[in-house]
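Structure first, then comments.
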Amino acid sequence: MAEISEKDNEKKGKAAAPVIPHPGESTQQGKAGRPFWSGSITIGLVNVPVRLHTMVRDLSVSFRLLHKADGQPLRYDRVCTKDDRVIPWAETVKGYEVRKGEYVIFEPEELKAIMPESNRKIRIEKFVFYLSLDPVYFETSYILTPDRSEEAYSLFVTALQDLGRAAIGTITLRTKEYPVVVHAYGGGLILTTLRYADEVTLPQAFITSADLPAPKEAELALAKRIINDLSGDFSMNDYHDRYREAVMNLIEKKLAGEKVVYAEPHPEEAKELMQALKETLSTLSAK
Amino acid sequence: MAGDEGTGSKETLISDLTRVRFTNLDKIMYPPLHVTKKEVITYYIRVAPRLLPFLSDRPVTMHRFPDGMGEEDFYEKDAPQGTPEFVKIFSHYSGTADREVNFVVCNNLDTLIWLANLASLEIHITLSKTGAYESPDLLLFDIDPEPPLSFDDVIDVSFVVREHLEDTGILAYVKTSGKKGLHIVVPLRAGYRFGEVRDFAHRIGKNIAKDTSHVVSEFPRSRDPGTIFVDYLQNAQGKTMVAPYSLRGTPAATVSMPLQWDELKRGVRAEDFNIKTAISKKEEPWGGIFDNKQKIGK
């Protein structure tokens with residue numbers, strides 16, 4: 001679900017380092033993830049129960065910010081811009097900036113009341129030719145797998161495949177409703193969330209093709225020949241994140257011989273936990 | 001960099017008091033409340049004397065939130081890789097998984113602490129025990145509202161269910177689910193089959209639905225707006241309910257809280273019972289539940 005939520009920096013700063021595959025044994029394909037949503041595709045009165053799996057994961061290298069002097073990770077705090085005090089969560093409220101420094105305040109209940117309700121449905125409204133869809137609106141893709149009924153799923157995949165169509169509909173994930181497209185791919189179904197039209201800027205905003213000069217015939221012929229010469233098949237496997245591989249190699253080296261940051265919690269940090277443990281152990285042994 | 005949980009972090013805490021190695025204690029589990037994994041583990045340790053009797057000899061389903069509430073979560077029935085030796089395993093065929101599953105059985109404090117350290121915020125239990133897996137020792141009514149009906153309406157209906165049970169001399173216990181609804185639980189004498197328990201619960205649901213227009217007892221109608229669904233379908237082998245005193249993966253860090261019937265009044269909210277308040281409660285509303293096994297009618 002991480003791709004969908006607008007991750008706030010607060011959490012990002014605290015998240016543990018992701019499991020990064022060893023560069024030497026990195027597979028070209030991602031692993032099968034666990035489902036994080038289950039519900040059904042509904043087309044009129046017909047239901048196809050499905051689960052949603054993450055399809056895309058970001059493998060970019062992410063570093064944690066440490067205190068140089070003692071190697072300890074830094075924490076992000078919410079600091080009031082007026083008096084520089086750290087503000088506890090309980091004393092925070094959400095505001096929408098309408099003019100510089102002017103905010104409209106929202107109580108959590110107010111926002112909750114207007115949030116779309118998650119109804120565990122992918123509601124299909126129409127079917128279109130998949131190739132007619134404009135990929136500039138595609139946001140994130142997820143894999144749909146059958147949930148209990150493989151028959152309904154298989155029927156839907158085959159029907160879409162045979163007709164070359166994709167289903168257009170909506171899904172509510174967490175607190176946001178997304179337009180989505182569902183299409184058959186690799187023997188299964190893929191759901192792709194779509195950007196709203198006003199979230200995408202089109203080239204027309206910058207360029208009017210009528211204003212561009214018409215190319216000269218000879219130059220165009222040359223350009224086309226070059227393109228033809230370079231035409232061929234393309235495999236995503238030919239591309240690698242070389243920066244990531246270099247960083248992973250460095251990590252290997254550092255792990256092999258050099259300094260590793262080793263954080264040891266101070267006993268007093270877990271004092272309350274240990275106190276609870278002592279008390280519960282004595283309660284349990286008294287029973 | 002080995003190990004499942006806490007890869008990339010070597011913040012491990014070891015203590016003589018437990019065989020569990022604590023990892024990532026400062027990880028935020030409930031971002032809205034800033035509750036850390038340390039606090040989650042502390043909660044489970046403190047509530048253990050009340051919770052463990054409900055976990056004993058039952059396969060548990062873990063509902064894990066590795067990156068905290070609000071991030072990706074998943075249910076896990078299988079004992080994960082690296083399960084320590086002190087954790088008891090119950091191998092049984094699971095219909096939903098269509099294979100043999102190695103369930104975790106939480107029979108001791110260390111296992112409970114280990115579950116909490118795995119960020120299994122929620123712990124779900126079966127309605128039967130490993131020794132007689134085909135025979136339920138708990139009957140469950142899962143009562144949930146569909147908007148615009150609310151928790152208050154669920155409270156009203158739960159009292160009707162209780163009346164119907166008491167009319168036939170059956171003692172019922174109630175807890176919040178920690179989310180939208182209430183769970184009514186009846187401890188059962190040995191020897192019942194899931195089928196007959198399910199039929200019995202269904203019959204009560206149907207009787208109530210007959211008299212009360214907004215109560216529904218049939219699954220196809222369970223999501224109708226403005227209804228209260230009295231769900232009997234969880235009374236089946238391998239199905240689970242959230243354990244009493246288990247935390248829930250909700251923004252308010254709610255607890256599935258056992259209550260006295262007279263505490264349950266309109267205006268009570270699931271959020272009243274949470275990681276902070278649940279432990280401070282002195283009485284045990286479900287105390288002695290397993291000494292009160294009930295006989296249910298044919």
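Residue numbers begin at 1 in each chain, while the letters A, B, ... track the order of the sequences. Computed from a predicted structure; not experimentally measured.
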- Under the side-chain contact (heavy atoms from CB on, under 4.5 Å) rule, what do A:T54 and B:E72 come out as? Steps first, then yes or no, please. CA-CA 10 Å; A:T54 306; B:E72 197 167 321; 3.7 Å; yes
- Query: Where do A:L284 and B:L52 land on the side-chain contact (heavy atoms from CB on, under 4.5 Å) test, with the steps shown first?
  - Reply: CA-CA 10 Å; A:L284 288 175; B:L52 283 173; 4.0 Å; yes
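Taking CD1 of B:I41 as the reference point, atom CD of A:E272 lies at 12.5 Å (rounded to 0.5 Å). To the nearest 0.5 Å, atom CZ of residue B:R46 and atom CD of residue A:Q275 are 7.0 Å apart. Atoms CH2 and CG, from A:W37 and B:D73 in turn, are 13.5 Å apart once rounded to the nearest 0.5 Å. Here the CD-CG distance, from B:E39 to A:L273, works out to 10.0 Å after rounding to the nearest 0.5 Å.
Taking a 6.0 Å sphere around OH of B:Y93, one finds it holds more than 12 heavy atoms contributed by other residues, nucleotides or ligands. Around CZ of B:R21, the count of heavy atoms belonging to other residues, nucleotides or ligands within 6.0 Å does not exceed 12. In this structure, A:K94 places its NZ atom where only 12 or fewer heavy-atom neighbours from other residues, nucleotides or ligands lie under 6.0 Å away. In this structure, B:R223 places its CZ atom where only 12 or fewer heavy-atom neighbours from other residues, nucleotides or ligands lie under 6.0 Å away. Counted within 6.0 Å of NZ on B:K180, heavy atoms from surrounding residues, nucleotides or ligands total 12 or fewer; the atom is thus considered open. Atom CD of A:E279 sits in a crowded spot, with more than 12 heavy atoms from other residues, nucleotides or ligands closer than 6.0 Å. At most 12 non-hydrogen atoms from other residues, nucleotides or ligands lie less than 6.0 angstrom from CZ of B:F219.
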Show every donor-acceptor pair shorter than 3.5 Å between a side-chain atom in residues 105-116 of chain A and any protein atom, with sequence neighbours excluded, or say none if there are none.
{"unit_1": "A:E110", "atom_1": "OE1", "unit_2": "A:E107", "atom_2": "N", "d": "2.7"}

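Only the side chain of B:E76 has a heavy atom closer than 4.5 Å to any heavy atom of chain A. If you measure heavy-atom distances from B:P147 to chain A, the contacts under 4.5 Å come from the side chain alone.
In this structure, the side chains of A:R78 and B:H34 come closer than 4.5 Å at one or more pairs of heavy atoms. You'll find the side chain of B:I113 reaches within 4.5 Å of the side chain of A:L277, heavy atoms only. In this structure the side chain of B:I45 never reaches within 4.5 angstrom of the side chain of A:L281, judged on heavy atoms.
Of all the heavy atoms in B:L17 and A:M274, the pair that sits closest is CD1-O, 4.2 Å.
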